[in-house]
Protein chains: 2
Amino acid sequence: MAEKRTDKVTITEVALLAGVSTATAGRVLGGYGYASEEIKKRVKASAERLGYRPNLLARGLITGKTRTIGVVAGDIQSPFYSSILRGIADVARAEGFGVLLTNSDELLARELEAVQLLLEKQVDGLIVAPCDTERSDHLRKALKGGCPIVQFDRMVKGLGADAVTVDNRKASREAISSLIDAGHRRIAILAELERWDSGDIASFIARVTARSIEPATLFPSWQRLFGYVEAHLSAGIDLDRALIGRVGAYSLEAARLQALHLLRLPDRPTGLFSADGLMTAGAVDAITSLGVQIPDQLSMIGFDDLDWMSFLKPQITAVVQPVTAMGQTAARLMLERIAGSDSPPRHVTLELALARRGSVSKPA
Amino acid sequence: MAEKRTDKVTITEVALLAGVSTATAGRVLGGYGYASEEIKKRVKASAERLGYRPNLLARGLITGKTRTIGVVAGDIQSPFYSSILRGIADVARAEGFGVLLTNSDELLARELEAVQLLLEKQVDGLIVAPCDTERSDHLRKALKGGCPIVQFDRMVKGLGADAVTVDNRKASREAISSLIDAGHRRIAILAELERWDSGDIASFIARVTARSIEPATLFPSWQRLFGYVEAHLSAGIDLDRALIGRVGAYSLEAARLQALHLLRLPDRPTGLFSADGLMTAGAVDAITSLGVQIPDQLSMIGFDDLDWMSFLKPQITAVVQPVTAMGQTAARLMLERIAGSDSPPRHVTLELALARRGSVSKPA
DNA sequence: GCTCGATGTGCGAACGTTCTCACAATACAA
DNA sequence: TTGTATTGTGAGAACGTTCGCACATCGAGC
């Protein structure tokens with residue numbers, strides 16, 4: 001019977017009905033000051049009766065806090081980002097925070113636009129997978145303007161902000177080493193490797209060899225190549241540049257083509273390392289279409305663990321990223337910042353696990 | 001050199017620097033009234049110089065519009081929801097709207113809490129996959145309160161709100177019919193079938209047979225069972241209740257176990273229809289672990305198309321849902337509502353496609 | 001008796017915008 | 001000249017909260 005056309009019930013009306021001032025009503029409803037039991041009861045009853053719901057815009061305007069976290073993901077459609085987002089959303093929800101989502105598609109222009117929008121919407125903090133580790137003045141400015149930032153998956157050079165990453169380099173090195181230990185000498189890598197300023201693979205290898213490169217702010221696929229190179233170096237195996245499959249784009253089809261190319265080399269590799277989930281998908285597509293047998297004709301390890309890798313033939317041994325945990329951790333760091341922590345920037349590195357599934361054996 | 005400690009540059013300061021009133025500055029910056037070229041230039045220059053960014057909270061408070069869409073998904077981590085979200089986000093971004101995301105995990109209590117939060121944050125509209133097609137007073141109330149709602153994937157009974165769905169029943173009927181046409185008579189179905197008030201499969205079948213049930217507001221997995229039953233009826237094939245695998249939970253493991261059960265029946269089915277992506281995954285897991293050959297020993301069609309179904313063995317013929325398009329459509333309907341459309345509730349039904357991949361053949 | 005802290009309440013001013021007016025100035029037709 | 005529309009500008013009131021302050025009451029301690 002209670003007919004409310006528009007839900008424009010404000011605190012003023014509640015106060016009026018309860019016979020108190022708006023300030024008092026606010027104290028009860030907002031829970032931020034003194035109020036006698038008697039009055040508390042009265043105000044709450046009135047609020048209940050009118051169906052009062054606080055207007056978080058107004059509250060945010062005055063407190064300067066919106067209890068909203070802005071997230072800039074690359075592409076929520078991908079399992080990687082969607083799992084991370086899930087982790088973020090869970091932690092945020094538990095603390096009564098909202099999550100404002102945007103996609104950058106790994107384009108700087110779009111990230112810029114997104115950060116802009118989120119800042120204008122006055123989010124309390126920004127969780128970002130930065131798509132450029134150098135040109136990120138917008139993030140610096142936001143940080144300086146008092147908006148905390150937590151990076152994930154990669155880190156901007158010299159940005160004094162929290163970050164959650166994994167040790168790509170180490171996991172990749174260990175994966176390659178385990179292939180080497182199994183007896184493999186010709187191991188191919190299939191990786192995106194899109195952006196790098198001195199874009200040349202040869203010079204990258206040279207700098208890795210000379211130890212003149214800082215891996216922390218590289219993009220993940222480069223870090224994984226880094227580990228690949230290191231594993232070869234420490235085992236004393238010469239690198240064959242033909243075995244480095246630089247896909248150059250984040251696309252299944254491009255990965256498939258590059259994988260086909262690698263598998264058709266005159267001296268075909270006996271091992272294959274794919275540097276992320278999409279690359280693994282492309283590789284498996286190529287492998288099944290060529291009828292190559294795993295692990296008899298080819299041993300394989302992939303980065304990222306997708307559900308099908310465990311229940312389909314060929315099963316794929318994979319480096320498992322703790323995706324949801326990454327999101328949760330990022331959100332927790334963010335909440336601490338929002339709560340006022342001003343500790344120096346923290347960098348959390350989560351552990352990676354290798355899920356062994358029998359796609360690795362000795363070379364024929 | 002321009003040092004701004006906190007980015008608290010307000011329109012007042014811009015106005016001051018430009019030597020105009022805040023009202024005029026607002027008109028220029030907000031683009032909503034007269035202003036001479038001369039003054040426009042001056043205000044814009046001042047804004048630029050101070051690094052002015054509008055506070056969308058304040059604007060929202062006064063206009064009553066936040067240019068934000070609230071989304072209640074089941075679980076963004078699933079490919080289904082994340083693709084839909086992507087579609088929504090794309091359309092929203094193009095129109096300068098933000099997307100506030102929540103997960104319900106298909107729990108009514110959580111959906112309620114989510115809707116509450118979103119409304120308090122004053123979203124301009126709600127895009128929801130309602131997790132109960134009956135008890136949805138919170139949605140009714142929101143709608144009545146003036147907050148437009150667009151449902152997707154399923155529809156609340158008698159809720160006068162827009163909706164975007166697919167014709168699950170028809171697609172399922174056609175899929176089953178194609179198996180029947182191929183000669184199959186013992187076709188199993190693997191489906192979630194968790195909630196239904198008169199929870200009994202037998203009574204459901206009876207009501208379908210008697211045509212005394214309205215499919216529109218059923219949950220998708222029930223609609224798909226509906227089509228399964230219809231296909232059998234119209235082909236004159238007796239239903240074998242043992243072939244209806246009711247998983248009862250949305251879980252890979254539960255689906256796997258139920259699939260194992262079906263495949264171990266004394267008189268094993270020659271065809272299998274899995275009612276969504278997760279069910280297909282569970283089924284394929286069971287199939288590969290039992291070493292059943294597709295399509296030689298078992299023909300299979302799945303609902304939902306996931307990437308691995310096309311590039312792995314066994315390849316799975318699948319009903320493809322236009323997921324991204326669903327999200328886009330939902331967002332477009334929402335934007336029209338926000339723009340003021342007061343047409344009667346629209347129900348958009350998107351087309352489904354069957355991707356034939358050779359997992360269907362004649363029974364042995 | 002007085003002061004003091006703790007508790008309880010209301011007034012009015014924020015917060016950063018947009019919106020409604022009022023009012024000028026200009027231009028053009030009657 | 002007058003009227004009327006168009007364009008341009010500013011003062012001040014919204015929007016729905018919270019916050020700072022003033023003030024009132026109460027019991028305890030001296």
Side-chain angles (χ1 to χ4, degrees), chain A residues 4 6-44 46-47 50-68 117 119-124 145-146, chain B residues 4 6-44 46-47 50-68 117 119-124 145-146:
Chain A
K4 7 190 152 102
T6 56
D7 61 352
K8 297 283 179 188
V9 181
T10 79
I11 208 168
T12 316
E13 304 172 47
V14 175
L16 208 67
L17 179 62
V20 296
S21 72
T22 63
T24 303
R27 276 190 283 261
V28 175
L29 267 15
Y32 51 84
Y34 295 117
S36 65
E37 285 309 314
E38 154 69 10
I39 287 216
K40 266 185 194 161
K41 214 182 292 174
R42 243 173 44 216
V43 170
K44 278 180 184 163
S46 308
L50 297 175
Y52 168 76
R53 294 298 150 208
N55 182 330
L56 265 29
L57 285 193
R59 177 179 298 173
L61 181 57
I62 188 161
T63 60
K65 296 277 153 204
T66 52
R67 298 183 75 79
T68 303
L117 181 70
L119 288 179
E120 291 184 359
K121 286 197 186 292
Q122 311 293 121
V123 295
D124 292 340
Chain B
K4 2 183 157 109
T6 57
D7 61 352
K8 297 283 180 189
V9 180
T10 78
I11 208 167
T12 317
E13 304 172 47
V14 174
L16 208 67
L17 179 62
V20 296
S21 70
T22 63
T24 303
R27 276 189 284 261
V28 174
L29 268 15
Y32 52 84
Y34 294 117
S36 65
E37 284 310 314
E38 154 68 11
I39 287 216
K40 267 186 194 158
K41 214 182 293 176
R42 241 169 49 213
V43 171
K44 278 180 184 162
S46 310
L50 297 175
Y52 168 77
R53 294 298 149 207
N55 181 330
L56 264 30
L57 285 193
R59 176 179 297 173
L61 181 58
I62 188 161
T63 58
K65 295 277 155 203
T66 52
R67 298 184 74 80
T68 302
L117 180 70
L119 287 179
E120 291 184 359
K121 286 198 185 293
Q122 312 293 121
V123 295
D124 291 340

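Keep in mind that what you see is a predicted model, and the values were worked out from it rather than measured. Below, read A as the first sequence line, B as the second, and so on, with proteins coming before strands; counting in each chain starts at 1. Values below: every heavy atom of this structure, side chains too, minus hydrogens, waters and symmetry copies.
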Which nucleotide in [options] has an atom nearest any side-chain atom of [X]:
X: A/Ile62; options: C/dT17, C/dT9, D/dT18; value: D/dT18
X: B/Leu61; options: D/dC15, C/dT18, D/dG20; value: D/dC15
X: A/Arg59; options: D/dT18, D/dG12, D/dC19; value: D/dT18
X: B/Ala35; options: D/dT9, C/dT7, C/dT17; value: D/dT9
X: A/Ala58; options: D/dG16, C/dG10, C/dT17; value: D/dG16
X: A/Ser36; options: D/dT18, C/dT9, D/dT7; value: C/dT9
X: B/Lys8; options: D/dT18, C/dG16, C/dT9; value: C/dG16

Using whole Å, what does the distance between atom [atom2] of nucleotide [N] and atom [atom1] of [X] come to?
X: A/Ile11; N: C/dT9; atom1: CD1; atom2: P; answer: 15 Å
X: A/Tyr32; N: C/dT7; atom1: OH; atom2: C1'; answer: 17 Å
X: B/Lys121; N: D/dT17; atom1: NZ; atom2: P; answer: 14 Å
X: B/Tyr34; N: C/dC19; atom1: OH; atom2: P; answer: 15 Å
X: B/Glu120; N: D/dT17; atom1: CD; atom2: C1'; answer: 13 Å
X: A/Lys41; N: C/dG8; atom1: NZ; atom2: C1'; answer: 17 Å
X: A/Asn55; N: D/dT18; atom1: CG; atom2: P; answer: 10 Å
X: A/Arg27; N: C/dT9; atom1: CZ; atom2: P; answer: 8 Å

As a test of understanding, state which of A/Val43, A/Leu17, A/Leu29 forms a side chain to side chain contact (heavy atoms under 4.5 Å, CB included) with A/Tyr52. A/Leu29

Return the CG to CD1 distance between A/Leu57 and B/Ile62, rounded to the nearest 0.5 Å. 12.0 Å

Where B/Asp124 and B/Gly64 come nearest, the two heavy atoms and their spacing: OD1-O, 4.2 Å

Position toward the 5' end of DNA chain C (nearest nucleotide), A/Thr22 or A/Glu38: A/Glu38

Checking all strands, does B/Ala23 fall into the base, sugar-phosphate, or nothing category for heavy-atom contacts under 4.0 angstrom? base

Have a look at A/Ile39 and say if it touches a base, only the backbone sugar-phosphate, or nothing, with a 4.0 Å heavy-atom cut-off. sugar-phosphate

Do the side chains of B/Lys121 and A/Arg67 get nearer than 4.5 Å, heavy atoms only? yes

Given side chains that start at C-beta, do those of B/Asn55 and B/Thr10 come closer than 4.5 Å, heavy atoms only? no

Would you indicate, yes or no, if C/dG10 has its OP1 or OP2 atom less than 4.0 angstrom from a side-chain nitrogen or oxygen of A/Thr24? yes

Looking at A/Thr10, I'd like to know whether one of its side-chain N or O atoms comes within less than 4.0 Å of OP1 or OP2 on D/dG16. no

Between A/Glu38 and A/Arg42, is the closest basic N to carboxylate O distance under 4.0 Å? yes

Under-3.5 Å donor-acceptor pair between A/Arg53 side chain and D/dG16 base: no

